[in-house]
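Shown next, in structure tokens, is the structure this report addresses.
Note that the coordinates shown come from a computational prediction; the quantities given were computed from them, not determined experimentally. Chain identifiers are assigned alphabetically (A, B, ...) following the order of the sequence lines, protein sequences preceding nucleic acid strands; residue numbering begins at 1 within each chain.
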Number of protein chains: 2
Amino acid sequence: MTGPIYRQIAEELRRRIESGELPPGSQLPTELELREMFDNASRNTVRDAIRSLVTRGLVVTRAGQGTFVVERMVPFAVTMSTDSVTGLGGGEGVAYMGQARAQRRTPEATLPRVEIQTVSELIGRELRLDPGAQVVSRHQRLRIDGKPWSLQTSFYPMSFVEQGASKLVEAKNIEPGAVKYVGETLNLKQVGYRDQVLARQPNEVESAFFRLPDSGVAVLESMRTAYEAGGKPIRCTVTVWPADRNRLVYNVGAVPEEVLLTVADDQPGSASVSSATGS
Amino acid sequence: MTGPIYRQIAEELRRRIESGELPPGSQLPTELELREMFDNASRNTVRDAIRSLVTRGLVVTRAGQGTFVVERMVPFAVTMSTDSVTGLGGGEGVAYMGQARAQRRTPEATLPRVEIQTVSELIGRELRLDPGAQVVSRHQRLRIDGKPWSLQTSFYPMSFVEQGASKLVEAKNIEPGAVKYVGETLNLKQVGYRDQVLARQPNEVESAFFRLPDSGVAVLESMRTAYEAGGKPIRCTVTVWPADRNRLVYNVGAVPEEVLLTVADDQPGSASVSSATGS
DNA sequence: AACGATTTGTTCGTATGTATC
DNA sequence: TGATACATACGAACAAATCGT
């Protein structure tokens, strides 16, 4: 056919996977078997083909065992906003909102690791602080059913601590919720927030914590900046999830209640695949 | 050190890139030069190291030219929701909202490619249609400044057409906006929507349209389901963007106006990198 | 616990093709 | 046209992980 050999092999395997001939969880032929199947191509050529499937997230390789079609777990729906039902006017721990909605699963968080840092350029712009200003960062690792789920870091202006919100620098959970605590202590009420959502490749720390394979799985990152009534930013929270088992849900305006309780249980990409077919 | 040679080489190169010693756009040493730099490792070993950097999105290779540190373009902020300023109670083309906000850039869309399909399981669940029901799909490709930007497909129940919204099956832009047209024709008013955001590896069509490299760049997908006052879904829109040059912005509640107009111009991952450092 | 068989992972050498300048 | 640089392909050997005996 056309194109390099490793690509032809990869395409053929992809066809068999997507047709269901190689169902999720099943083992691919070994590299030696694939060699024979494809005109005695070199083992390295077969491995190039497999590598391209790994990068696309279609298969995983396990040393000593074989190569397997990925079994996607049920994606977890993280509710990021709900106008109608919850009516979250101001108070509660916005950063924990999604976690609290863990349907039928039990979330747990490590104690926060608290640091006082010179603000980065990025966070400084969000919190509208001068370069060189100090911020409190509170970092947590969250798990669901014991499995790593998200990494989260919240940044507050150090001035909040000086003005009396001293619990911010304690490495303990702030019980009524950090936003509520800051609101009560400093008389600041959260009236809105802005989420910036992006996807990127994981860094080393994230790969290790989430136990991600060498490649193929991106992470979703949300940077949430919360504002008080005067329009001043109160805090900035950066949360990172592995993209293969999470989706972020934003409800805007009136959304039927039964939909709000729905758990997403489909395969990602299905919609666009069908829509994009046939240039 | 520890670990395989190609990993050591990759780590060393990554260090030089992130320290600024190899700034964005600069050329890496050639494979032969890298061979000499790293204890006369095999050229294949050097290539393995570079490949891992490509997969992480740190460098790109160009045949005949060399390997270069990636230059990220300014990420485009796609506004997905604004409660306060725009006050989008119901009408306007929700799916085009983000595009209309193209700051200082000129968006253009292809004419819609219209198809009548049997509904997929995924879309059927969103639109609450029975299996086997028919839907109208309207597919568009959007560009900004002539460069590919997003792929978008909207699905409507075929019953809408039978009830009089005949423009839905015409391969032309619906001028007042499709949602408005449906609303006026069928007396349905959009009162809310639900966005599901995920990230995944691009499929073939997407890779081709967005001209994505073989690996390293994920796509962001948003599936937006719009609801009318009775709680019935009106339409479902799936939009896909390349993740390396877009971020989705959700404004909830009161967000200061000057923030709404801000263009994001930072590097992704900066926030979490600093926060995650030091386990 | 030890061993062998199987399977993927790493590393090397070499040759040739293709893109770019 | 030639030189340079990455892309593809092959063969070979040994390492490391896994599993069953």
Side-chain angles (χ1 to χ4, degrees), chain A residues 1-14 17 22 25-71 207 211-216, chain B residues 1-14 17 22 25-71 207 211-216:
Chain A
M1 312 298 192
T2 70
I5 298 173
Y6 79 93
R7 226 175 257 287
Q8 298 175 32
I9 299 177
E11 284 313 295
E12 175 60 22
L13 290 174
R14 184 184 60 78
I17 290 170
L22 290 167
S26 65
Q27 181 172 6
L28 265 64
T30 69
E31 291 169 352
L32 291 188
E33 287 168 341
L34 287 172
R35 259 197 75 173
E36 292 171 8
M37 292 169 57
F38 292 97
D39 201 37
N40 282 307
S42 166
R43 183 179 164 226
N44 281 328
T45 302
V46 168
R47 283 176 60 78
D48 278 347
I50 291 175
R51 174 152 32 197
S52 86
L53 297 179
V54 170
T55 329
R56 291 203 238 167
L58 291 176
V59 304
V60 292
T61 59
R62 294 200 275 269
Q65 293 185 259
T67 304
F68 302 84
V69 181
V70 290
E71 290 183 277
S207 283
R211 290 184 173 68
L212 296 179
D214 258 8
S215 72
Chain B
M1 308 300 201
T2 67
I5 298 175
Y6 78 92
R7 221 176 265 283
Q8 297 175 31
I9 299 178
E11 284 312 296
E12 175 60 22
L13 291 174
R14 185 184 59 78
I17 290 170
L22 290 167
S26 64
Q27 181 172 5
L28 265 63
T30 68
E31 291 168 351
L32 291 188
E33 286 167 340
L34 286 172
R35 254 196 83 172
E36 293 172 8
M37 292 169 54
F38 290 98
D39 204 37
N40 282 305
S42 165
R43 184 178 160 228
N44 281 329
T45 303
V46 168
R47 282 178 59 79
D48 278 346
I50 291 175
R51 173 152 35 198
S52 86
L53 297 179
V54 170
T55 322
R56 293 204 225 167
L58 292 177
V59 305
V60 292
T61 59
R62 293 201 276 269
Q65 293 184 261
T67 305
F68 302 84
V69 181
V70 291
E71 290 183 278
S207 283
R211 290 180 170 70
L212 296 178
D214 259 9
S215 73

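Dashed line: the shortest gap from a side-chain N or O of A:T67 to OP1 or OP2 of C:dT8 is under 4.0 Å. Taking 4.0 angstrom as the limit, A:Q65 places a side-chain polar atom (N or O) nearer than this to OP1 or OP2 of D:dC19. Between A:T61 and the phosphate of C:dG9, there is a side-chain N or O to OP1/OP2 separation shorter than 4.0 Å.
Sequence order on DNA chain D of the closest nucleotides to A:G64 and A:T45 puts A:T45 first from the 5' end. Checking B:N44 against B:T30, the closest nucleotide of DNA chain D that is more toward the 5' end is the one next to B:T30.
Residue contacts shown for B:R62 are limited to sugar-phosphate atoms, with no base heavy atom under 4.0 Å away. Heavy atoms of A:I5 sit under 4.0 angstrom from primed sugar atoms or phosphate atoms, though from no base atom.
Between the side chain of B:R43 and the base of D:dA7 there is at least one donor-acceptor pair of N/O atoms closer than 3.5 Å.
Side-chain contact between B:F68 and B:E71: absent, with no pair of heavy atoms (C-beta onward) separated by less than 4.5 Å. With a 4.5 Å cut-off on side-chain heavy atoms, A:L13 and A:L58 do not count as touching. For the pair B:M37/B:L34, a side-chain contact is recorded, criterion being any heavy-atom separation below 4.5 Å from C-beta on.
One interatomic measurement links the two molecules: CG of B:D48 to P of C:dG13, which rounds to 14 Å at whole-angstrom precision. Rounded to whole angstrom, the span from the CZ atom of A:F68 across to the C1' atom of C:dT7 amounts to 10 Å. A:E31 places its CD atom 15 Å from the C1' atom of D:dA12, with the value rounded to the nearest Å. Between the C1' atom of C:dT14 and the CZ atom of B:R47 lies a distance of 14 Å, rounded to the nearest Å.
When each of A:L53, A:V54, A:V59, A:T30 is paired with A:T67, the side chain to side chain contact (heavy atoms under 4.5 Å, CB included) condition holds for A:V59 and for no other.
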